[in-house]
2 protein chains.
Amino acid sequence: MSSWRDNLIKTEPYVAGEQPKGGKFIKLNANENPYPPSPMVEKAIAGFRAAGLNKYPDANVAPLCEALAKRAGVDTDNVFAGNGSDEVLALAFRAFFNSELPVLFADVTYSFYPVWCENMGIRYECIPLDDAFNYKAEDYARPNGGVVICNPNAPTTIGRDLDFIRSVLDANRDSVVIVDEAYVDFGGVSSLPLLSEYDNLLVVQTFSKSRSMAGMRIGCAFGSKELIAALRAAKDSYNSYPLDSVAIAAGIASVSDESYFADTVGKITATRDRLTGALRDMGAELPDSSTNFVFARFPGHSAVDIYNALKTKGIYVRYFNKPRIDDRLRITIGTDEETDMLIENLRRILGNNC
Amino acid sequence: MSSWRDNLIKTEPYVAGEQPKGGKFIKLNANENPYPPSPMVEKAIAGFRAAGLNKYPDANVAPLCEALAKRAGVDTDNVFAGNGSDEVLALAFRAFFNSELPVLFADVTYSFYPVWCENMGIRYECIPLDDAFNYKAEDYARPNGGVVICNPNAPTTIGRDLDFIRSVLDANRDSVVIVDEAYVDFGGVSSLPLLSEYDNLLVVQTFSKSRSMAGMRIGCAFGSKELIAALRAAKDSYNSYPLDSVAIAAGIASVSDESYFADTVGKITATRDRLTGALRDMGAELPDSSTNFVFARFPGHSAVDIYNALKTKGIYVRYFNKPRIDDRLRITIGTDEETDMLIENLRRILGNNC
């Protein structure tokens, strides 16, 4: 006789960065933005008419999609919005990857991709990046059920140009190609201009990083009307109303404030470049980052030891106990003050503080 | 050669009530609450510290689960919260229904259940309610991969007592039994007291109806620690952070205001009972409702004709073009004023206005 316990889910979940509670600490382990969202967001929330919450929100998040469409120069029917880019990506996997052929993505990339495949019974193949963590376009020129490229890639921080994306698209006229641009605003090159040429391209972005709104859960996707219609069908087969009315209002407010957005991104990239220099001065090896984090190895030192030593100082960074990357740390760009604290502690830990 | 178009999702989506836009209308088609949420909710949103939105919310929605646990007299580990009860139910299907045997639910019940099964490749069997739309416990005493009971049931409005739920649970020691209590606060009997006896029972509730928060997207579930852990694993295999920080604060505020909750529910049930009497006076046939809507047939009249006639008057009710229920209308309980307008128009349409 089987028990209900035998039939519980067995998928190995995605593991997010620790969320330390209480006390003073510096949290550089979840690629969060150290700055608050635009003051327009604060205003939108403070002025939100709560009385209207008795009604369901717009199921297709039309008001926010309109604002995003206008900014991207596309139609509203080319835009989808959901509960964080994780939900948008999950729905995209469900909407597009229904072939018997494996979906292709890198071995070192966002580790939620294989989790979604396992969750939904989608075949997949992880294709090794080269030794310098670069994608090779020719690796994606084989029969497949879909392609997912993270650009700039996480956790490697490396961005690729449109020639690369175009090569992947040209080799994949018969598959949907998802370009996950969670970090694109920090120095990557967006594939949005390719939308008019490729109706099998979906570009996914998030409000969690460059817009300082991880706590508001907003993700979005841009694609052909056919792809967006399929995404909406996937949503309506799972959860019809993914974004609440406050999030919609807050999202619109964020999109309206272009100058705050540019300022914040500028501050973070400046701090990142300073941190990159300081790390290299300490002997660390890391690629130039196109994201709001760095991915560094410390020759002669153990990454997990540094991770633990920083933790005792109240500084949380991300260590992955995984092949190929267990000699590295992923460190989010914090404020200048947080970054100074990080540099100071790292120097001490590495014994370079003389 | 296959095209990417061949591999797009083919699930037939759930269809929600129309969302008419602009102009003046009376919306009685989505079982929304006609009253605003508690003033405490308004206060929580107006006072929300938007600067903190740069950080991810608590992935397990712990602060809200604590408030819900306290109210229900259970531990926080017995509570799950998600993006509306639709998401909670979808995750529960994914977390619990992984057997080869069919999941059982009624033929006339919430029409999202078969959609989730199709979406996730779960076998299912729809079991006919009896001619008066009653569940029969013996129908659920057969080998199965899970059971879903909607209590009170939608769209039938009929609630069942704990003896019935207990019979279903006693016949299903080896399956997870989900009791969907979306409407329970309007006069149903909650299965929460049975949680201490049955570790295979999951009770799902929502903030969208009795708490007037459809626009805030909050659903929750109560169950054994094992079931809640499996639900969290399903969440972490799909979308780690389902509730945004504003929704969490607003949800806690709603739960804190017990008297507003009781007042609102009291007003709606009083209006419902008045509407029920008025409908019966017009010759309509409908069961006593334990929900915030009624489900009526109008002997000698066509339901779809009445639906269309009401629509021309700006009154939206719900008509289902489905076997067994296409002679009925589902009408949400509005304010007293809205209900008066509905009654007046219905009398006119039915020719009883002399």
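All chains are named by letter (A, B, ...) in the order of the sequence lines, taking the proteins before the strands, and each is independently numbered beginning at 1. Below, each value reflects all heavy atoms present in this structure, side chains not excepted, and no hydrogens, waters or symmetry copies. On a predicted model such as this, the values are computed, not experimentally measured, just so you know.
Rounding to the nearest 0.5 Å places CG of A:Asn54 at 13.0 Å from CE of B:Met216. If you take OG on B:Ser208 and OH on A:Tyr56, they are separated by 4.0 Å, rounding to the nearest 0.5 Å. Taking CG of A:Asn119 as the reference point, atom CE of B:Met120 lies at 8.5 Å (rounded to 0.5 Å). Of the inter-residue distances, the one linking A:Asp244 atom CG with B:Arg217 atom CZ reads 8.5 Å to the nearest 0.5 angstrom.
Per-residue heavy-atom pair counts under 4.5 Å with chain B were compared for A:Asp86, A:Asn33, A:Leu53, and the maximum is reached by A:Leu53. When each of B:Gly47, B:Pro37, B:Gly52 is checked for heavy-atom pairs under 4.5 Å with chain A, B:Pro37 comes out on top. Interface remark: of the candidates A:Ala233, A:Ser245, A:Pro57, A:Ala234, A:Pro57 forms the most heavy-atom pairs closer than 4.5 Å to chain B. In terms of heavy-atom pairs under 4.5 Å with chain A, the best-connected choice from B:Lys55, B:Glu87, B:Met213 is B:Lys55. Note on A:Ser85, A:Pro39, A:Ala95, A:Ser38: by heavy-atom pairs under 4.5 Å with chain B, the leading option is A:Ala95. In terms of heavy-atom pairs under 4.5 Å with chain B, the best-connected choice from A:Ala59, A:Ser237, A:Ser212 is A:Ser237. When each of B:Gly121, B:Ala50, B:Ala214 is checked for heavy-atom pairs under 4.5 Å with chain A, B:Ala214 comes out on top. Looking only at heavy-atom pairs under 4.5 Å with chain A, the residue among B:Ile248, B:Asn200, B:Val176 that has the most is B:Asn200. Put simply, of B:Gly84, B:Gly145, B:Pro143, B:Ala30, the one with the most heavy-atom pairs under 4.5 Å next to chain A is B:Ala30. The candidate from A:Glu226, A:Lys43, A:Glu42 with the greatest count of non-hydrogen atom pairs under 4.5 Å with chain B is A:Glu226.
Only the backbone of A:Leu243 has a heavy atom closer than 4.5 Å to any heavy atom of chain B. Residue B:Ala250: no heavy atom, backbone or side chain, is found under 4.5 Å from chain A. Neither the backbone nor the side chain of A:Ala229 comes within less than 4.5 Å of any heavy atom of chain B. Only the side chain of A:Lys209 has a heavy atom closer than 4.5 Å to any heavy atom of chain B. Contacts between B:Asn172 and chain A at a heavy-atom distance below 4.5 Å are absent for every atom of the residue. Only the backbone of A:Pro34 comes within contact range of chain B, judged by heavy atoms closer than 4.5 Å. Residue contact with chain B, scored on non-hydrogen atoms closer than 4.5 Å, involves the side chain of A:Phe112 exclusively. Both the backbone and the side chain of A:Asp199 come within contact range of chain B, with heavy atoms under 4.5 Å apart. Looking at A:Ser175, the atoms closer than 4.5 Å to chain B (heavy atoms on both sides) all sit in the backbone: N, CA, C or O.
Residues A:Asp174 and B:Arg5 are not paired through a salt bridge, judged by the lack of any N-O separation under 4.0 Å between the basic side chain and the carboxylate.
Considering every non-hydrogen atom in both A:Asn83 and B:Tyr241, the closest pair reads OD1-O, 3.5 Å. What you find for A:Val115 and B:Asp236 is that their closest heavy atoms are CG1-O, 4.3 Å.
The six-membered or imidazole ring of B:Tyr238 lies near that of A:Tyr238, with a centre-to-centre distance under 6.0 Å.
Surrounding CZ of A:Arg49 are at most 12 heavy atoms belonging to other residues, nucleotides or ligands under 6.0 Å away.
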Begin with the C-alpha distance, continue with both residues' side-chain angles, and end with the deciding distance and a verdict on side chain to side chain contact (heavy atoms under 4.5 Å, CB included) for B:Asn98 and A:Lys10.
-> CA-CA 9 Å; B:Asn98 297 289; A:Lys10 281 168 194 72; 5.9 Å; no
Do A:Leu8 and B:Phe96 pass the side chain to side chain contact (heavy atoms under 4.5 Å, CB included) test, and can you show the C-alpha distance, the side-chain angles, and the key distance before you say yes or no?
-> CA-CA 5 Å; A:Leu8 297 182; B:Phe96 309 140; 3.6 Å; yes
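Side-chain contact, A:Thr11 with B:Arg94: a donor N or O sits under 3.5 Å from an acceptor N or O.
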